[in-house]
Amino acid sequence: MSVYNAYLALSGTIDADLSLDEALSRRTSLRIGGPAALTCVCHTYGALSRCVDVLASEDVDWVVLGKGTDILASDRGYPGCVIVLGREFRRMGVSDDVFLTVGTAAMVSKTLTFSLSHELSGLEILAGIPGTLGGAVSTDAGTRHHWIGALVHDAVVLRPGEGMHRYKGSDIEWGYRQTSLPSSEVLLEVTLSLRHGDKEGIAAEANRMLHRRGRTQPMGRPCAGETFRDPGDGSASKMLEECGVAGYSVGAAQVSPAYPNFIVNNGGATADDVRSLMKAMHDKVRDAYDVDLQPEVKTLGLS
């Protein structure tokens, strides 16, 4: 495996921004993480395709990273390449009045604003969710009763070594915080089937969701979203609250005193701090309820 050879092969040959040993703490909402051996911000499909081909030829592992809103990255970093989708993957457009096509690097908030400007309803369920549209689709984000997967008309992916492939929305299996889209493929673009609505009504519903999420999650301090998934019909947050873990801390990582399913970084927290805290939270719920909570947070560079 030669990260440096890949760096040399890609430098100046593709429309991308390349860097060696960039701290992952710059690209994760928890502000935790050591250096990624190589970071490649690909601005076009051609750059992305070439990047993936070169990494394969050099036997360099890679991962696509959006805004890192649900990522716990290792303090030791990541020995492969972090791929970030750039300019071309932020485009948006409307066709046939109700179909909104969006690049997966577009921010959820900007996608919602764009749909509102075209008086298209459906995406209000995402108001207040941070990160990119690609992240929202790959985790089937939404509320307890409505998910973005129900709006997906089709999705375009890059299959390394083969090229682009289009899935119909009905070809994809949608589940709680997951989809059947293969992790080996790169989600590039999604077309959403929306409906016409009244601009004031759309804005009011989006604001309602925004305020609701604002009351149920910490604001102003680095965190990675909800720590654990809800088990079945239960509430991970309620279980954690009843177990009294709110305010627990390990190092500079702390369970939010007000929102016990969120871990915040009070400044200088390490990945080990967070993992120790997650284990304590998990074990408390297991002992009290015999429930094995599953992490919502994904790890990068951690075994």
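Separating the CD1 atom in I263 from the CG atom in L30 is a distance of 7.5 Å, to the nearest 0.5 Å. Separation of atoms OG (S2) and CG (L8) is listed at 7.5 Å; rounding is to 0.5 Å. Atoms SG and CZ, on C223 and R31 in that order, are 10.5 Å from each other to the nearest 0.5 Å. The CG atom of L133 sits 8.0 Å away from atom CE of M92, with the distance rounded to the nearest 0.5 Å. Once rounded to the nearest 0.5 Å, the distance linking CG of D97 with CG of L120 reads 8.5 Å. Within the model, atoms CD1 of I32 and CG of D272 stand 9.5 Å from one another, a figure rounded to the nearest 0.5 Å.
Proximity of a side-chain donor or acceptor of D96 to a complementary backbone N or O of F99 within less than 3.5 Å is not detected. A donor-acceptor pair under 3.5 Å links the side-chain atoms of E88 to the main chain of Y45, judged by distance alone. Under the 3.5 Å distance criterion, the side-chain polar atoms of T139 are left unmatched by any main-chain donor or acceptor of R177. Between the side chain of S49 and the backbone N or O of G46 there is no donor-acceptor pair closer than 3.5 Å. Between the side chain of D273 and the backbone N or O of T270 there is at least one donor-acceptor pair closer than 3.5 Å. Distance alone, capped at 3.5 Å, is enough to place a donor-acceptor pair between the R213 side chain and the A127 backbone. Side-chain N or O atoms of D283 include none that pairs as donor or acceptor with a backbone N or O of A280 at under 3.5 Å. Between the T179 side chain and the G175 main chain, no donor and acceptor come within less than 3.5 Å of each other. The backbone N or O of A271 lies less than 3.5 Å from a partner atom in the side chain of D75, making a donor-acceptor pair.
Residues Y259 and V250 do not share a hydrophobic cluster, defined by chaining ILVMFWY side chains whose heavy atoms lie under 4.5 Å apart. Transitive grouping of hydrophobic side chains (ILVMFWY, heavy atoms separated by less than 4.5 Å) brings V245 and V285 into a common cluster. Under a hydrophobic clustering in which Ile, Leu, Val, Met, Phe, Trp and Tyr are joined whenever their side-chain heavy atoms come within less than 4.5 Å, directly or via other members, V84 and L188 fall into different clusters. Linking ILVMFWY residues whenever their side-chain heavy atoms come closer than 4.5 Å, directly or via other members, leaves L158 and L181 in distinct clusters. When hydrophobic clusters are built by joining Ile, Leu, Val, Met, Phe, Trp and Tyr residues whose side-chain heavy atoms come closer than 4.5 Å, directly or via intermediates, I125 is grouped together with V152.
Residues L293 and A236 approach most closely at CD2-CB, 4.0 Å, considering heavy atoms. Between M164 and V156, the shortest heavy-atom distance links the atoms SD-CG1, 3.9 Å. Considering every non-hydrogen atom in both Y176 and D230, the closest pair reads OH-N, 3.0 Å. Between G122 and L194, the shortest heavy-atom distance links the atoms CA-CD2, 4.3 Å. When every heavy atom of A224 is checked against every heavy atom of S29, the shortest pair comes out as CA-OG, 3.7 Å. V255 approaches P260 most closely through the heavy-atom pair CG1-O, 3.4 Å.
Using a 4.0 Å cut-off between a side-chain N of Lys or Arg and a carboxylate O of Asp or Glu, R208 and E205 qualify as a salt bridge. Between R27 and E22, at least one side-chain nitrogen of the basic residue sits less than 4.0 Å from a carboxylate oxygen of the acidic one, meeting the salt-bridge criterion. We find that R166 and D154 are joined by a salt bridge, their nearest charged nitrogen and carboxylate oxygen being less than 4.0 Å apart. By the 4.0 Å N-to-carboxylate-O rule, R286 lies too far from D290 to be salt-bridged with it.
Looking only at atom types and distance, the side chain of Y289 has a donor-acceptor partner in the side chain of E242 under 3.5 Å away. Side-chain polar atoms of Y7 and E58 form no donor-acceptor pair below 3.5 angstrom. Remark: the T101 side chain and the T191 side chain contain an N/O donor-acceptor pair separated by less than 3.5 Å. Using modelled atom types, one finds a donor on one side chain and an acceptor on the other under 3.5 Å when comparing N266 with R221.
Using bins of under 30°, 30° to 60° and over 60° for the plane-to-plane angle, the ring pair H118/F114 lands in the tilted bin.
Residue H146 places its NE2 atom among 12 or fewer non-hydrogen atoms of other residues, nucleotides or ligands, all under 6.0 Å distant. At most 12 non-hydrogen atoms from other residues, nucleotides or ligands lie less than 6.0 angstrom from CZ of R212.
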Chi angles and distances behind the side chain to side chain contact (heavy atoms under 4.5 Å, CB included) call for L123, V108: CA-CA 9 Å; L123 294 179; V108 169; over 6 Å; no
side-chain hydrogen bond (donor to acceptor under 3.5 Å, both in side chains) evaluation trace for E185 with Y167: CA-CA 12 Å; E185 299 176 354; Y167 289 99; 2.8 Å; yes
Please step through side chain to side chain contact (heavy atoms under 4.5 Å, CB included) for the pair H196 and V98, ending with a clear verdict. CA-CA 7 Å; H196 288 292; V98 294; 3.7 Å; yes
Applying side chain to side chain contact (heavy atoms under 4.5 Å, CB included) to D53 and S57, what does each step give before you reach the verdict? CA-CA 6 Å; D53 287 346; S57 69; over 6 Å; no
Should V190 and L192 be marked as a side chain to side chain contact (heavy atoms under 4.5 Å, CB included) after you check the CA-CA gap, both sets of side-chain angles, and the distance that decides it? CA-CA 6 Å; V190 176; L192 303 165; 3.7 Å; yes
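Side-chain contact between C42 and I83: present, with at least one pair of heavy atoms (C-beta onward) separated by less than 4.5 Å. Between L10 and C51, the closest side-chain pair of non-hydrogen atoms falls below 4.5 Å. Using a 4.5 Å heavy-atom threshold, the side chains of Q178 and D140 count as separate. Within the 4.5 Å cutoff, no side-chain heavy atoms of V137 are placed close to those of T104. Between Q254 and Y248, every side-chain heavy-atom pair lies at or beyond the 4.5 Å cut-off. Considering only heavy atoms from C-beta on, I202 comes within 4.5 Å of E124 through its side chain. A 4.5 Å side-chain heavy-atom check between M278 and V274 finds at least one atom pair inside the cut-off. Residues W62 and V186 have side chains in contact (heavy-atom distance under 4.5 Å, counting atoms from C-beta outward).
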